Amino acid sequence: MALRAHQCIINDFRLYGGVCIGTALIGNIGVGKTTLVQHVCDDVRVSSHFSLIFLSDSFSLTVMDNCDTRIALNCKYSTGNLGNLNEPLQTFKHKLINKRFLIVFDNVDSEKKQMLQVLLSNLKSCKPGSKIIVTSAQNHSASIGTVQPIKLKNLPCEKFWFYFKALAFPDADFEENFPRMAAIGMAIAKKLNGSFFGAKIIGALLKVHRNIQFWTEALRSSIWDLPVHGSSLPYISDFTNYFLSRQVSMCHVNMHTSKTYFENRALSTLQDVCIQSPPIGKKKLLDDKGNCLNLHVMLCKSVFPFHCVYYVAHCHGRGTMDGCGLSELSHC
């Protein structure tokens, strides 16, 4: 599906070479829209065609007291020496006037849609062959595009199963050697409903906890009642909470795009603070003065062509933690 969508975007560039077009890419959160557009931007056919490529995940238009409009853009990736900016819209338009550009507006919601339509109307007179891509989880954003929208769907069950096995099974022979656990794993994969975030989190735990009781009780837990296609951070936070020990309380989950955040911090993994950890001894969750430790727990990461996004839970630890039963899920 992603490969077909990739080619569809490239085809739109070729078919509508003489006009500035907009392509809307629609799909649930976590289905792969951002990954797809970054791969498109990284495609040599694209990078060689456009003199300026700009990918933004945040933008705003503000009408000033003098009736001029200012644009603010946050840059995820760019070529052509155009980074973050905050300037009059006419100045921005002047920078583009002689360039064949590709601009990607990522994760457009209903609040941004109206502002984006104003921006697009100002860019229509720019150099022929320029393109705009909009990604959104909301169907009404499809009307922003000037060509048929591209809709991304979840991976088919059989393909998602191969993805999940790579995360959850410790080796290639696991499915053959442990057929009962493999069957449980397949049932868990179906309950994930195509969630890459959920697959990464629970897959890592299953790989560490190679016992049928943990896998069975994970399958029977109420975690699967969570809405899969909500916003990514609340979903990851709620999903993770099901697996934290009683001695650990979560404050919030943040996204980080740079490893510099971790340089002076000790990172834990979810396996370190899980409700049922392997018997490797007690884990100290208090400092030497008896105060609760602040824990930074790496949950998962998303790998894109231009950067990685790290999802880190900020937690408090209380006392020491032994391995305990998955039945503690009921306390969440």
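Please read these numbers as outputs of a predicted model, since none were measured by experiment. Values below: all heavy atoms of this structure, side chains included; hydrogens, waters and symmetry mates excluded.
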*Asks:* Quick check on N177: does its CG atom have over 12 non-hydrogen neighbours (other residues, nucleotides or ligands) under 6.0 Å away?
*Replies:*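 Counting other residues, nucleotides and ligands, CG of N177 exceeds 12 neighbours.
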*Asks:* Are K200 and Y163 packed together at the side-chain level, in the sense that at least one heavy-atom pair is separated by less than 4.5 angstrom?
*Replies:*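 Result yes, sub-4.5 Å side-chain heavy-atom pair found.
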*Asks:* Of all heavy-atom pairs between L295 and S268, which one has the smallest distance, and what is that distance?
*Replies:*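 Where L295 meets S268 most closely, the heavy atoms are CD2-OG, 4.4 Å.
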*Asks:* Test your reading of the model: is there a side-chain donor-acceptor pair from K131 to the backbone of I103, 3.5 Å cut-off?
*Replies:*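 The answer is no, because no donor-acceptor pair under 3.5 Å joins these two groups.
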*Asks:* Go through K112 and M115 one step at a time and tell me if the side-chain contact (heavy atoms from CB on, under 4.5 Å) criterion holds.
*Replies:* CA-CA 5 Å; K112 300 294 184 184; M115 286 190 290; 3.5 Å; yes
*Asks:* Go through the steps for T79 and F50 under the test side-chain contact (heavy atoms from CB on, under 4.5 Å), then give the verdict.
*Replies:* CA-CA 9 Å; T79 64; F50 296 100; over 6 Å; no
*Asks:* Strictly under 6.0 Å, is that where the ring centroids of F164 and F169 end up?
*Replies:*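 Ring centroids of F164 and F169 are no less than 6.0 Å from each other.
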*Asks:* Is the backbone N or O of I26 less than 3.5 Å from a side-chain atom of K151, with the two atoms forming a donor-acceptor pair by type?
*Replies:*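 No, because the side chain of K151 does not come within donor-acceptor range (under 3.5 Å) of the backbone of I26.
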*Asks:* Taking all non-hydrogen atoms of both residues, which atom of K33 and which atom of G27 are closest, and how far apart?
*Replies:*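 Closest approach of K33 to G27, heavy atoms only: NZ-O, 2.9 Å.
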*Asks:* Check whether any side-chain heavy atom of H39 lies under 4.5 Å from a side-chain heavy atom of V37, and answer yes or no.
*Replies:*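 Not in contact.
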*Asks:* Does R180 use its side chain to pair, donor to acceptor, with the backbone of I212 at less than 3.5 Å?
*Replies:*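 Judged by distance alone, no pair lies under 3.5 Å.
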*Asks:* Are N154 and N193 side-chain neighbours, meaning at least one heavy-atom pair lies under 4.5 Å?
*Replies:*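 In short, these two side chains do not touch, never coming nearer than 4.5 Å.
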*Asks:* Can K207 and L205 be said to form a side-chain contact (heavy atoms from CB on, under 4.5 Å), step by step?
*Replies:* CA-CA 5 Å; K207 181 173 286 189; L205 289 176; over 6 Å; no
*Asks:* With rounding to the nearest 0.5 Å, note down the distance linking CZ in F243 to CG in L299.
*Replies:*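 Answer for the CZ-CG pair, F243 versus L299, is 11.5 Å.
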*Asks:* What distance separates L152 CG from I150 CD1, expressed to the nearest 0.5 Å?
*Replies:*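 CD1 of I150 is found 8.0 Å from CG of L152.
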*Asks:* If you count heavy atoms of other groups shown closer than 6.0 angstrom to CD of E158, is the number above 12?
*Replies:*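 For E158, atom CD is crowded (more than 12 foreign heavy atoms under 6.0 Å).
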*Asks:* For the aromatic rings, using the six-membered ring if either is Trp, is the centroid distance between F197 and Y311 under 6.0 Å?
*Replies:*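 Here the rings of Y311 and F197 have centres that are less than 6.0 Å from each other.
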*Asks:* What distance do Y310 atom OH and L267 atom CG have between them, rounded to the nearest 0.5 Å?
*Replies:*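 Output value for this atom pair is 10.5 Å.
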*Asks:* Take D106 and T135, measure what side-chain hydrogen bond (donor to acceptor under 3.5 Å, both in side chains) needs, and give me the verdict at the end.
*Replies:* CA-CA 5 Å; D106 201 13; T135 78; 2.4 Å; yes
*Asks:* Quick check: closest heavy atoms across I201 and T240, and the distance to 0.1 Å?
*Replies:*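 Shortest heavy-atom separation between I201 and T240 comes out as CD1-OG1, 3.9 Å.
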*Asks:* Considering only heavy atoms from C-beta outward, does the side chain of N294 approach that of H316 to under 4.5 Å?
*Replies:*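 Yes, their side chains come closer than 4.5 Å.
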*Asks:* Does NZ belonging to K99 count more than 12 external heavy atoms closer than 6.0 Å?
*Replies:*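 Not more than 12 within 6.0 Å, no.
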*Asks:* Evaluate the side-chain proximity of H94 to Q90: yes if any heavy-atom separation is below 4.5 Å, no if none is.
*Replies:*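 Sidechains of H94 and Q90: no contact.
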*Asks:* Using only atom types and a distance under 3.5 Å, with no angle test, would you say the side chain of S136 pairs donor to acceptor with the backbone of V108?
*Replies:*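 Indeed, once roles are kept as given, a pair shorter than 3.5 Å links the two residues.
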*Asks:* If only atom types and distance count, is the side chain of T91 paired as donor or acceptor with the main-chain N or O of E87 below 3.5 Å?
*Replies:*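 Not confirmed, T91 side chain does not pair with E87 backbone.
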*Asks:* Given side-chain contact (heavy atoms from CB on, under 4.5 Å), test L73 with F92 step by step and report yes or no.
*Replies:* CA-CA 10 Å; L73 282 171; F92 176 65; 3.7 Å; yes
*Asks:* Are H256 and N254 close enough that some pair of their side-chain heavy atoms sits under 4.5 Å apart?
*Replies:*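 In short, these two side chains touch, coming nearer than 4.5 Å.
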*Asks:* Check this for me: does any side-chain nitrogen of one of E175 and K165 sit under 4.0 Å from a carboxylate oxygen of the other?
*Replies:*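 A salt bridge is present here (some side-chain N lies under 4.0 Å from a carboxylate O).
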*Asks:* For the side chain of D171 and the backbone of F174, is there at least one donor-acceptor N/O pair under 3.5 Å apart?
*Replies:*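 Yes.
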*Asks:* Using modelled atom types and a 3.5 Å cut-off, is there a donor and acceptor pairing between side-chain atoms of S195 and backbone atoms of L192?
*Replies:*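 Pair absent, no side-chain N/O of S195 close to backbone of L192.
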*Asks:* Counting N and O atoms only, with roles assigned by atom type, does the side chain of D42 sit under 3.5 Å from a partner on the main chain of Q38, one being a donor and the other an acceptor?
*Replies:*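 Looks like no, no N/O pair under 3.5 Å.
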*Asks:* Kindly compute the distance separating CG (L89) from CG (D68), expressed to the nearest 0.5 Å.
*Replies:*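 Between atom CG of L89 and atom CG of D68 there are 9.5 Å.
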*Asks:* Between W215 and I188, what is the shortest heavy-atom contact and its length?
*Replies:*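 So the minimum-distance heavy-atom pair works out to O-CD1, 3.9 Å.
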*Asks:* When you compare the side chain of L52 with that of L102, does any pair of heavy atoms fall below 4.5 Å?
*Replies:*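 L102 does not reach L52 side chain to side chain.
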*Asks:* Among the clusters formed by ILVMFWY side chains lying less than 4.5 Å apart, do V134 and V118 turn up in the same one?
*Replies:*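 Both belong to a single hydrophobic cluster.
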*Asks:* Which heavy atom of R100 sits nearest to which heavy atom of S130, and what is that distance?
*Replies:*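 Where R100 meets S130 most closely, the heavy atoms are CA-OG, 3.6 Å.
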*Asks:* Quick one: sort the H296 and H314 rings into parallel, tilted or perpendicular, breaks at 30° and 60°.
*Replies:*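 Correct class here is perpendicular.
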*Asks:* For the hydrophobic clusters of this structure (ILVMFWY residues joined by side-chain heavy atoms under 4.5 Å, transitively), does one cluster hold both V309 and V297?
*Replies:*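 Hydrophobic grouping puts V309 with V297.
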*Asks:* Would you say that L55 contacts F105 through its side chain, given a criterion of any heavy-atom pair below 4.5 Å between the two side chains?
*Replies:*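 Answer no - side chains too far apart.
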*Asks:* Please report the interatomic distance CZ(F214) to CG(L206), rounded to the nearest 0.5 Å.
*Replies:*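 So the gap between those two atoms works out to 6.0 Å.
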*Asks:* If you measure from CE on M250 to OG on S237, what distance do you get to the nearest 0.5 Å?
*Replies:*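 If I round to the nearest 0.5 Å, the distance is 4.5 Å.
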*Asks:* To check you understand the geometry: which heavy-atom pair defines the closest contact between L244 and C315, and what is its length?
*Replies:*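 Scanning both residues completely, I find the closest heavy atoms to be CD1-SG, 4.5 Å.
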*Asks:* Can you check whether M298's main-chain N or O pairs, donor with acceptor, with T269's side chain at less than 3.5 Å?
*Replies:*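 No, T269 side chain to M298 backbone: no donor-acceptor pair under 3.5 Å.
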